[in-house]
Amino acid sequence: MGPPSFLMRSKSDDSFLSILSTKEEKSLLPAPVHRKPKIRVRTLLGHCLYRRVILWTAGILFLLCLALSSPGGRQRRQRLMELVDLSHQDVRSSGGEGEAPTVSKDTEGVIIVGSAGDAPQVQVQGEHMPTWLRFRHLDGFFNGLKALVPANEHIPEYPRKPGEASPFPLTLSYTGLPTPTPYISQPDYESPEYISQYHAVEKCYLDKERRIPVPDLYAYNGVVQGQPEPAMGSRNLLGLRDDVCFDRFGRYGPYGLGYSFDEGGAFVGTDTEQEGSSTVWEKTGKINYENMDWGDAQTRCYESNKKRFADPAAPTKTAAVSGQFHQRSFLRNERQKIPRTAVVIRAYVGFQWTQHNILNFRALISELALKSGGEYAVHFLLHVRNNNEAIWADPMTAQRILDENIPQEFHGLCTLWSEAQMRLYYPGKFGGSFQNPSGGDIHGVYRSAHFPLQHFAMQHPEYEYFWNWELDMRWLGNYYELFDRLSAWAKEQPRNELWERSAKYYIPSYHGSWENFTSLVHNETLNSGREATYGPVQFPGRQPLRSELRGESFMPSNCDPNDKSDTKCGKGEEADLITLNPLFDTEHSGWVFSTDVTGYKRSLPLPPRRCSIITASRLSRRLLNTMHEETWRLKHTMFAEMYPATMALHHGLKAVYAPHPVYLDREWEIEAIDKAFNGGRDHTAGGHGSPFDLNNEHNHKGSSWYYNSEFAGLLWRRWLGYAQFDGRGRNGGRSGEGQLRGGKEEEERAAGTGRLCLRSMLVHPIKWEHPSELD
């Protein structure tokens, strides 16, 4: 048995926005350092033709010989081979910015880890170079399990208060690796407290014979010493645990990482350091996933638990409150039924699956759908790019497309769609657009990725909420914990000044507590002279929904429309939109698609708009119903990342930015973070000075969560156990340069700290994982 035949390697296509960003960033990021020529230019370009030919030829030959024979050239070629050939990974370390921190074994069982922590800021040439290039790179991300300490003893490398000592150099007394334990984020379904309120949960299994239970992932109690804290967002705020960390085997070992195809595994991970990894298989053994059918497992799980969920066909009072069945009052002795959530993953024909991709979605389905007893369900929306494919008329055509583009184990979770289908579903003329920067068609996926999601929601009344997810996102932790805690936190956020709080990044080291942040936003709103957004907004040319024509409202009944200071309004109300980046005002923001607005009268001003970059978000059924009606009846639409938030703004639905932990790879000055990421109008992320301005987006390159991030992929691959060029060096460094660090040899060294163990975080984009994908 070998790897599936459809697992191929490819480079992903550059999007229009990526091309634009690249052009802009070339003028902002550092240029290569050139030595001053020894021979004057006028000598080489003199009037004598023979002189020019001879000198140019000699110069070219000299440079060619120098490049081929120099130690630096040989070292660069050798490093490239080491990156691809895992048996020759190496790391060169000596300390200081641009060089690795020193790691040494002082005496038996004692490891000393140095740092570049006292290195001066990087000297960056050029008047207009980004400020963040001056900041030194952080080292604490890359310490391993040997540096694990109890959470209450953890001292972060960053951020530190003025005068606070660095945790480096670390002196570690190592006596052996700790043992991970199962990490369960779901409620205790067998507890008396749960059973007294909700229906009992039937356990779900991977196989029809009910012999193979869904495995647990594993975590280590403690935190790696020196590991930085997030620069933006907070685990504690959202209810995510921050006293545990995850290594690659605890996270993915239960789903096939670290054992061979012959054993039913994914093979990847067998080429990395593995000390102590067998713990994760002691309880379940190495599960054979060869003939796994996730669609069947998910359906069986739901069928055995369907009594837990509300009947989607149950009548509701009005369109405005449709889908809010979970907020109904229940009889005293009646067990509550809970709403279901679909996680909809955008896939497309031509995407090249890898074993790491498969591991990620095995984890997603196991932790969300099966471990929750059917509370969640996972679906792939497969975009068939060829509109001439008979995907509805001919089952054999549909099956061929699935066979060629989706691993067989996920076939039962797939829904095929095409842009031709969207033209039929949303027919008629949409009218003109204020602007169309991409030049794309209104039914095209690039501008209107929300169309197929709207259609999917209309076809699946059994779901009340829909997470819009992407193939290149990873969550380092338990997926149920992520989605459940985000939902619970958003539910408790009051509506007063919610749009204003959601319009900027929360930086704990700068803003302090969430209560302090809330007060700050209130004062900034007062000082701005602008009224806080509360309920539906009015603007020239606004057209009401059918429910609004009937006098219905999306505002909770206990909210006073005239009292914007009511801090109870909205508490306990499920959010209609949860985003993972700020909901910023696009007007004058410099965001390239700010005016991609279609169907509104162009003789009137642009309608007010909000946006959250990266489409990953949770949308309620009533928000999707609103978007659907605006699309088919009013012929309105906007660029995909702007449309959901703007519809929530226009019609008074509850929208929340959830400040999840986001890391920066450098030691930014705290004030500089706020200036760069909240430098827009009224100290927000919108308007003039927005971090989403095309000229400002370079600030995200060193973050762990943004579409153009370089750090996300680097950190993720180091965590997977593969050596990476660290991006450090002269003039601030750049992606793909610097020294090769990490990997099997470094993690196995007696004087090293072992494989990485990171706390839960989202990383995006992950465009490749195994070095062989670069071939």
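Note that the structure is predicted; figures quoted are calculated from it, not measured.
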Ser487 side chain to Phe483 main-chain N or O, any donor-acceptor pair under 3.5 Å? no
dist Asn708:CG -> His698:NE2 (nearest 0.5 Å) comes out at 10.0 Å
Do Lys371 and Asp216 sit within salt-bridge range, that is, some charged N less than 4.0 Å from a carboxylate O? yes
Mutual orientation of the aromatic rings belonging to Tyr479 and Trp469 [parallel < 30°, tilted 30-60°, perpendicular > 60°]:
perpendicular
Residue set satisfying ring-ring contact (aromatic ring centres under 6.0 Å, His included) with His764, at least two apart, ordered chain then number -> Trp705
Exercise for the section: Assess whether side-chain contact (heavy atoms from CB on, under 4.5 Å) is satisfied between Phe361 and Leu471, documenting all intermediate values. Expected result: CA-CA 9 Å; Phe361 291 111; Leu471 290 166; 3.8 Å; yes
Without swapping roles, check the side chain of Ser709 against the backbone of Tyr706 for a donor-acceptor pair under 3.5 Å. no
Given 3.5 Å as the limit, does a donor-acceptor pair link the side chain of Asn678 with the main chain of Lys504, or not? no
* Ser760 side chain to Leu476 main-chain N or O, any donor-acceptor pair under 3.5 Å? -> no
Here the pair of heavy atoms bringing Gly374 nearest to Arg340 is O-NE, 2.8 Å
With a 6.0 Å cut-off on ring centres, are Tyr376 and Trp467 close enough?
no
Fill in: Whether Gln493 side chain and Ala655 backbone form a donor-acceptor pair below 3.5 Å
no
*Output yes when a side-chain donor or acceptor of Arg501 lies under 3.5 Å from a complementary backbone atom of Thr518, and no otherwise.*
no
Does a sphere of radius 6.0 Å around NZ in Lys675 hold more than 12 heavy atoms from other residues, nucleotides or ligands, not counting ones at 6.0 Å or beyond?
-> no
Any side-chain donor near an acceptor of the partner, Tyr505 and Asp674, under 3.5 Å
no
- Task: Answer with yes or no after comparing the ring centroid distance for Trp668 and Tyr510 against a 6.0 Å cut-off, counting only values under it.
- Result: no
Smallest heavy-atom separation, Pro582 atom then Phe692 atom, equals CD-CZ, 4.3 Å
Exercise for review: Mind telling me whether Trp716 and Tyr252 have parallel, tilted or perpendicular rings, with 30° and 60° as the class edges?
Suggested key: perpendicular
Between Thr354 and His356, a side-chain donor and acceptor under 3.5 Å = no
Q. So, the side chain of Ser617 versus the backbone of Thr579: is there a donor-acceptor pair under 3.5 Å, distance only?
A. no
Rounded to the nearest 0.5 Å, the OH atom of Tyr189 sits from the CD atom of Glu375 at a distance of 5.5 Å
Rounded to the nearest 0.5 Å, the CG atom of Asn360 sits from the CD1 atom of Ile766 at a distance of 9.5 Å
Problem - NZ/NE/NH1/NH2 to OD/OE distance under 4.0 Å, Asp139 and Arg741 - result: no
* Do Tyr158 and Arg136 touch side chain to side chain, with heavy atoms closer than 4.5 Å? -> no
Review point. Judged by atom type as modelled, is there a donor-acceptor pair below 3.5 Å linking the side chain of Arg618 to the main-chain atoms of Ala575?
Key: yes
Distance col, row His137:NE2 vs Glu667:CD, nearest 0.5 angstrom, shows 12.0 Å
Pro213 backbone acceptor or donor facing Lys203 side chain under 3.5 Å | no
Does Arg717 qualify as a cation-pi partner of Tyr722, given the criterion of NZ or CZ under 6.0 Å from the six-membered ring centre and within 45 degrees of its axis? no
Applying side chain to side chain donor-acceptor pair (under 3.5 Å) to Glu748 and not counting sequence neighbours gives Lys744
* Asked: Hey, is CD on Glu164 packed in by over 12 heavy atoms from elsewhere, all under 6.0 Å?
  -> yes
Exercise. Decide, yes or no, whether a salt bridge links Glu481 with Arg235 under the criterion of side-chain N to carboxylate O below 4.0 Å.
Key: no
From the list Phe677, Trp132, Tyr707, ring-ring contact (aromatic ring centres under 6.0 Å, His included) partner of His700 resolves to Phe677
Rounding to 0.5 Å, atoms SG (Cys757) and CG (Leu148) come to a distance of 6.0 Å
Can Glu273 and Arg248 be counted as an ion pair, charged N to O under 4.0 angstrom? yes
In terms of relative ring orientation, are Phe141 and Tyr663 parallel, tilted or perpendicular, with 30° and 60° separating the classes?
perpendicular
- Message: With a 4.0 Å cut-off on N to O distance, would you call Arg755 and Glu747 a salt bridge?
- Response: no
Open item on the list: Any carboxylate oxygen within less than 4.0 angstrom of a Lys/Arg side-chain nitrogen, looking at Arg666 and Glu710?
Closed with: no
Practice prompt. Using the side-chain contact (heavy atoms from CB on, under 4.5 Å) rule, take Ser612 and Tyr657 through it: C-alpha gap first, then chi angles, then the decisive distance, then the call.
Written response: CA-CA 9 Å; Ser612 180; Tyr657 155 53; 6.0 Å; no
(request) Using the salt bridge (charged side-chain N to carboxylate O under 4.0 Å, His left out) rule, take Arg474 and Glu769 through it: C-alpha gap first, then chi angles, then the decisive distance, then the call. (result) CA-CA 11 Å; Arg474 302 289 183 268; Glu769 289 166 291; 3.1 Å; yes
Do the side chain of Lys283 and the main chain of Pro215 share a donor and acceptor less than 3.5 angstrom apart? no
